[in-house]
Amino acid sequence: MAGAGGGNSDVQWCFSQVKGAIDDDVAEADIISTVEFNHSGELLATGDKGGRVVIFQQEPESKNQPQCRGEYNVYSTFQSHEPEFDYLKSLEIEEKINKIRWLPQKNAAQFLLSTNDKTIKLWKISERDKRPEGYNLKEEDGRYRDPNTVTTLRVPVFRPMDLMVEASPRRVFANAHTYHINSISVNSDCETYLSADDLRINLWNLEITDRSFNIVDIKPTNMEELTEVITAAEFHPNQCNTFVYSSSKGTIRMCDMRASALCDKYAKLFEEPEDPNNRSFFSEIISSISDVKFSHSGRYMMTRDYLSVKIWDINMETRPVETYQVHEYLRSKLCSLYENDCIFDKFECCWNGNDSVVMTGSYNNFFRMFDRGYRQDVTLEASRENSKPRSVLKPRKISTGGKRKKDEISVDSLDFNKKILHTAWHPLDNIIAVATINNLYIFQEKLN
Amino acid sequence: MSGDNDETQAPEETSVEEKDVQEKVISPEKAEEAKLKARYPNLGNKPGGSDLLRKRLQKGQKYFDSGDYNMAKAKIKNKQLPTAAPEKTEITGDHIPTPQDLPQRKPSLVASKLAG
């Protein structure tokens, strides 16, 4: 089977680039924690556990190599968050970047929101390719001249300089979350955004940092009665009044901000009924939703739980319209996955540009694509062994039964430390960014 | 574990083991649950309940106080980070610096390897 993508079942994926260190000894700070394309796909941002953001920019397509879409090279890198200490609770606040979200571009500069567990920051990334020269009162190195030595006057002019990309923090949105922020989402009105922690969701105005509105609060008065937490939240892509949030119990609530100031009463509740006979100790844990993403059209939303990806029609709350098994063979490994904590891994998922294919990560550096139209799925691997330029990725197969065919990988030999939690799909083209623990792989569609 | 035995159980078997075999045939998930309960007999019956969630709400390493935290950080700093690159053009001594004189951003002490 060739591949999945773009509604055409013959899409083949090729290795394009890999970023990051080759050595196996991974420093904790280098663990990639988020990957996000901007709205044009020209920029690709990554965040890591060390609080750093690296932005790559796509080179314009060269006429010499029409078969290749441009490569992504480093554009800017900066320290977004630093570790902090919460003196009141004697707890460390990690600098790990949980999410990055780009704002739609309005002028020459680019803006993104990056967040750790407690603080969201708005960063401005701007280019400078000219600098003023010929001051009267200053030397070129910046030192002031003695005014008595100035005998002539000249008009300073702008001269070209080597391109410099500067990142500066424009807003810091702090002190609004008691619990750990898991999501941020920019509203289609481009003026507001939401931030969600385990129990609350706040609405911010991008211009105002000293206050936010609380729009969802599921904290029980008695914490002993806590039964579920918020796991992800997102604004609808074009209805500025609508947002959804997912829970650790596998439900999604859709809220309408026009209904009331506090959206504790949902407008819609999406929940798939569960067969009580099949309930086990693990049922609730594996039903916890780790990611929720609206389709670009806004008609559908996708949720990721531990073993599957589900597509929901926002007009139908009773059950998903499509369910795709990511790694069903893990169902008979749940005991050991609980013991090594892998059962709590939070996988993300993403849509392709025209909502025809969805993608999510798995273990052993595998990732999966599901073509909704052609009902095909494929398992691919991000590894240095398949990193010859433009080499086509070969689909992987996992053998679940007794007999293992050649080229198949047995479930017992899967490496659960090699997990792909974060993937991103270019908004327009078949270019994908796949993050292993500390490397970023970029794959492109094979063009003839 | 009786679940490993594929043969049909004799009717004299205890009802628990019978249920295990039946459940293994029906659901690998239940078999895994039985395995877990065998290893950890004190495991509570409500896994999604407040204990698990509250552990999740309070992630993050707790320190005795800020002194403890700073000591721990100092230990890590001595091991991991190389010295910062010296500034190329330092403006000192002649005058009080203004915002235009200062370099744009303090570079990261350790740059990300993705940018390397």
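Computed from a predicted structure; not experimentally measured. Within every chain, numbering begins at 1; the chains are lettered A, B, ... in the order of the sequence lines, protein sequences first and strands thereafter. In what follows, every heavy atom counts, from backbone to side chain, and hydrogens, waters and symmetry copies are set aside.
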Look only at the side chain of [X] and the backbone of [Y], and say whether a donor-acceptor pair between them is shorter than 3.5 Å.
X      : Y      : value
A:Y441 : A:R384 : yes
A:S33  : A:G47  : yes
A:N182 : A:I230 : yes
A:R52  : A:A29  : yes
A:T231 : A:S290 : no

For A:D117 and A:N98, does a side-chain donor sit closer than 3.5 Å to a side-chain acceptor? yes
Which atoms of [X] are under 4.5 Å from chain B, going by heavy atoms: the side chain, the backbone, both sets, or neither?
X      : value
A:D197 : neither
A:Y75  : neither
A:S248 : side chain
A:L337 : neither
A:T46  : side chain
A:N73  : neither
A:L199 : side chain
A:E92  : both
A:I93  : neither
A:Y179 : side chain

For the residue pair A:Y338 and A:I343, what are the closest heavy atoms and their distance? CA-CG2, 3.8 Å
So which atom in A:M161 and which in A:R128 form the shortest heavy-atom distance, rounded to 0.1 Å? CE-O, 4.0 Å
Contacting region of B:Y40 [heavy-atom separation from chain A under 4.5 Å]: side chain
Counting heavy-atom pairs under 4.5 Å to chain B, which of A:V229, A:N439, A:I32, A:I55 comes out on top? A:V229
